[in-house]
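Bear in mind the structure is a predicted one, so any value in this text is a computation, not a measurement.
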Amino acid sequence: MPELPEVETTRRGLEQRVAGQKITGVIVRDRRLRQPVPRRLPALLTGATIKSLARRGKYLLIDCGGGTLIVHLGMSGRLWLVDEATPALKHDHLDLVLAGGMIVRLRDPRRFGLVLWQRGDPLLHPLLARMGPEPLSREFDGIALYRATRNRSAAIKQVVMDAHVVAGIGNIYANEALFRARINPGIAARRMTRARCTTLVEKIRETLIAAIDAGGSSLRDYVGSNGMAGSFQNNFLVYDRAGKPCFACGTPLRGIRQSQRSTFYCPCCQR
DNA sequence: CGCCAGGCCTGCACGC
DNA sequence: TGCGTGCAGGCCTGGC
């Protein structure tokens, strides 16, 4: 479910309501995520105060003073604030009970998500340490993408989805940005010119910012941290539109598979 | 029933 | 021999 814009929407929604709040209790109902939820989490977090929420790629970094709670939402995860009277349902695996009477709740039916604890600098965690630049940072520019694509025979879409190249570009936004950049998702990354790299970086940024402004995309059961649904799914130009006319030229869009992921593109506009 | 789904880590085989 | 790379598999539930 959540890609970078959805994670960022979650971060913004939660931060303003939980920063400065004390955690009075931690309820772990199911430890079985992609990795087991640390057993000592309640001991570590009870009594701690949430300082701030940051994001690295699709990882949420909840600074709790003595350490950072690192949360990844996987495919079906959702982190949001509920009233303490809200009953926990089947897939509500973790609650952070706050002093103010609210609960930060993690729901993740597919359990591809991750909850980790890191002392010290969270960016040093092995899963984060070798990630590529943030797509919205200055560090990620045409030159950086050009360098990262040299000697890579893999398709540009796969390279752009490689978190070691640039953080947090998922399947939907890779598809959308490539369409906006008029680049065929299947071309070998090494064949990208400098100019096309610059264009693609611009379009990635443009797409992510538009999606964040729309509160993310709501697919299936996704809703933001305040329970409100994002609306960017209404602005998809190619994602999930196989066979439908290209908004630019009318040609039926194609749906193919690349590395077991679905790709959508316009065979006419994207070369 | 089978297939599909927004992620991403791991391990293996391969080629330089 | 040792890497970087590319690919397949696996982790799960739910919806069509």
Side-chain angles (χ1 to χ4, degrees), chain A residues 1-10 29-37 55-60 70-79 89-94 106-116 125-132 135 147-178 185-190 204 207-208 211-212 214-224 229-243 255-264:
Chain A
M1 168 260 297
E3 292 206 29
L4 186 150
E6 293 74 47
V7 176
E8 179 61 17
T9 299
T10 299
R29 295 185 192 82
D30 194 341
R31 299 180 55 226
R32 298 171 304 160
L33 298 184
R34 203 166 78 220
Q35 290 177 33
V37 174
R55 180 187 56 72
R56 178 79 172 98
K58 294 176 202 164
Y59 291 86
L60 275 169
I70 301 176
V71 178
H72 194 290
L73 300 175
M75 291 272 256
S76 58
R78 161 183 171 185
L79 192 70
L89 301 182
K90 192 174 176 188
H91 302 293
D92 292 341
H93 307 313
L94 175 72
L106 175 72
R107 175 178 299 173
D108 185 5
R110 287 177 74 180
R111 289 193 271 117
F112 284 4
L114 209 48
V115 172
L116 304 163
H125 190 280
L127 292 178
L128 305 185
R130 287 162 52 203
M131 277 179 92
R147 286 207 193 104
T149 52
R150 292 314 86 189
N151 298 323
R152 292 202 59 170
S153 59
I156 184 59
K157 176 170 177 253
Q158 286 154 245
V159 172
V160 124
M161 288 177 69
D162 180 347
H164 302 290
V165 171
V166 54
I169 311 297
N171 197 36
I172 291 179
Y173 296 101
N175 277 298
E176 294 295 313
L178 283 161
I187 67 164
R190 67 200 309 170
I204 286 171
T207 308
L208 293 177
I212 292 168
S217 303
S218 301
L219 293 187
R220 299 169 187 93
D221 56 354
Y222 173 79
V223 286
S231 64
F232 194 71
Q233 71 282 2
N234 300 320
N235 300 324
F236 289 166
L237 301 177
V238 290
Y239 184 77
D240 210 18
R241 296 195 64 244
I256 60 168
R257 283 190 84 74
Q258 289 181 284
S259 296
Q260 302 148 281
R261 308 303 301 274
S262 34
T263 293
F264 304 92

(message) Does a side-chain N or O of Tyr173(A) approach OP1 or OP2 of dG7(B) to a distance below 4.0 Å, or not?
(response) no
(message) From the set dC7(C), dG6(B), dG14(C), return the single nucleotide nearest to any side-chain atom of Ser259(A).
(response) dC7(C)
(message) Looking at Ser262(A) and Arg257(A), would you say the former's side chain and the latter's main chain have a donor-acceptor pair under 3.5 Å?
(response) no
(request) Can you check whether any acceptor in the base of dC12(C) is under 3.5 Å from a donor in the side chain of Arg111(A), or vice versa? (result) no
(message) Taking 4.0 Å as the cut-off, does a side-chain nitrogen or oxygen of Arg261(A) come that near to OP1 or OP2 on dG7(B)?
(response) yes
(message) Output the rounded distance in Å from CG (Leu219(A)) to C1' (dG15(C)).
(response) 13 Å
(request) Evaluate whether atom CZ of Arg147(A) has more than 12 neighbouring non-hydrogen atoms of other residues, nucleotides or ligands under 6.0 angstrom away. (result) no
(message) Does any part of the side chain of Leu208(A), heavy atoms only, come nearer than 4.5 Å to the side chain of Ile169(A), both counted from C-beta?
(response) yes
(message) Any side-chain to backbone donor/acceptor pair from Arg34(A) onto Phe112(A)? Under 3.5 Å, distance only.
(response) yes
(message) If we ignore hydrogens and angles and just use 3.5 Å, is the side chain of Glu3(A) paired with the main-chain N or O of Gly170(A) as donor and acceptor?
(response) yes
(request) Tell me which nucleotide among dC9(B), dG6(B), dG14(C) gets nearest to the side chain of His91(A). (result) dG14(C)
(message) Could you tell me how far dG9(C) sits from dC3(B) if I compare only their P atoms? Round to whole Å.
(response) 14 Å
(request) Look only at the side chain of His72(A) and the backbone of Leu60(A), and say whether a donor-acceptor pair between them is shorter than 3.5 Å. (result) no
(message) Let me spell it out: for each of Arg110(A) and Gly168(A), pick the nucleotide of DNA chain B with the closest heavy atom. Which residue's pick is nearer the 5' end?
(response) Arg110(A)
(request) Mind calculating the distance between CG (Leu114(A)) and P (dT10(B)) to the nearest angstrom? (result) 10 Å
(request) Heavy atoms under 4.0 Å is the rule here; annotate nucleotides 11-16 of chain B 5' to 3' with B where the base is hit, S where only the sugar-phosphate is, and - elsewhere. (result) ------
(message) Does dC4(B) have OP1 or OP2 under 4.0 Å away from a side-chain N or O of Gln260(A)?
(response) no
(request) Give the rounded distance in Å between these two atoms: CE of Met161(A) and P of dC7(C). (result) 14 Å
(request) Verify the contact: side-chain N or O of Ser76(A) to OP1 or OP2 of dG7(B), cut-off strictly under 4.0 Å; return yes or no. (result) no
(request) Pick base, sugar-phosphate or nothing for Phe232(A), based on heavy-atom distances below 4.0 Å to the nucleic acid. (result) nothing
(request) Evaluate the criterion side chain to side chain contact (heavy atoms under 4.5 Å, CB included) for residue pair Asp92(A) and Leu106(A); output intermediate values, then yes/no. (result) CA-CA 6 Å; Asp92(A) 292 341; Leu106(A) 175 72; over 6 Å; no
(message) Starting the side chain at C-beta, find the nucleotide from dA5(B), dG6(B), dC8(B) nearest to Arg34(A).
(response) dC8(B)
(request) For the side chain of Ile172(A), starting at C-beta, report the closest nucleotide among dG6(B), dC9(B), dC4(B). (result) dG6(B)
(message) Applying a 4.0 Å non-hydrogen cut-off, can you work out what Arg190(A) is touching in the nucleic acid: base, sugar-phosphate, or nothing?
(response) nothing
(request) Describe the nucleic acid contact of Leu127(A) in one word from base, sugar-phosphate, nothing, applying a heavy-atom distance below 4.0 Å. (result) sugar-phosphate
(message) In whole Å, I'd like the distance from the CG atom of Asp108(A) to the P atom of dG7(B).
(response) 13 Å
(request) Using atom NE2 of His93(A) as one end and atom C1' of dC11(C) as the other, report the distance to the nearest whole Å. (result) 13 Å
(message) Measure CD/Gln35(A) against C1'/dC12(C) and give the value in whole Å, please.
(response) 15 Å
(message) Checking contacts here: which listed nucleotide (dA8(C), dG7(B), dG6(B)) is nearest the side-chain heavy atoms of His72(A)?
(response) dG7(B)
(request) Return yes if a side-chain donor-acceptor contact under 3.5 Å exists between Ser217(A) and Tyr173(A), otherwise no. (result) yes
(request) Choose from dG14(C), dG6(C), dC7(C) the nucleotide whose nearest atom is closest to any side-chain atom of Ser153(A). (result) dG6(C)
(request) Starting at the 5' end of DNA chain C, write a dot or bracket for each base, bracketing those in Watson-Crick or G-U wobble pairs whose two distances are under 3.5 Å and using | for partners on another strand. (result) .||||||||||.||||
(message) Could you tell me how far dA8(C) sits from dC4(B) if I compare only their P atoms? Round to whole Å.
(response) 15 Å
(message) OP1 or OP2 of dG14(C) versus the side-chain N and O atoms of Lys90(A): is any pair under 4.0 Å?
(response) yes
(request) With Glu8(A) as reference, evaluate Lys58(A), Arg55(A), Arg56(A) under the salt bridge (Lys or Arg N to Asp or Glu O under 4.0 Å) test and give the passing residue. (result) Arg55(A)
(request) State, with a plain yes or no, whether a side-chain heavy atom of Thr263(A) is found less than 4.5 Å away from one of Val238(A). (result) no
(message) Rounded to whole Å, how long is the line connecting atom CG of Leu73(A) with atom C1' of dT13(C)?
(response) 16 Å
(message) In whole Å, I'd like the distance from the CG atom of Leu128(A) to the P atom of dC8(B).
(response) 11 Å
(request) Would you check if Phe112(A) stacks with the base of dC11(C), given a 5.5 Å centroid limit and a 30° plane limit, both strict? (result) yes
(request) Would you sort out whether Glu176(A) and Thr207(A) count as a side chain to side chain donor-acceptor pair (under 3.5 Å), showing the intermediate values? (result) CA-CA 7 Å; Glu176(A) 294 295 313; Thr207(A) 308; over 6 Å; no
(request) Would you please say whether a donor-acceptor pair under 3.5 Å links the side chains of Gln158(A) and Ser259(A)? (result) yes
(message) Over all strands shown, is Arg32(A) touching base, sugar-phosphate only, or nothing at heavy-atom distances under 4.0 angstrom?
(response) nothing
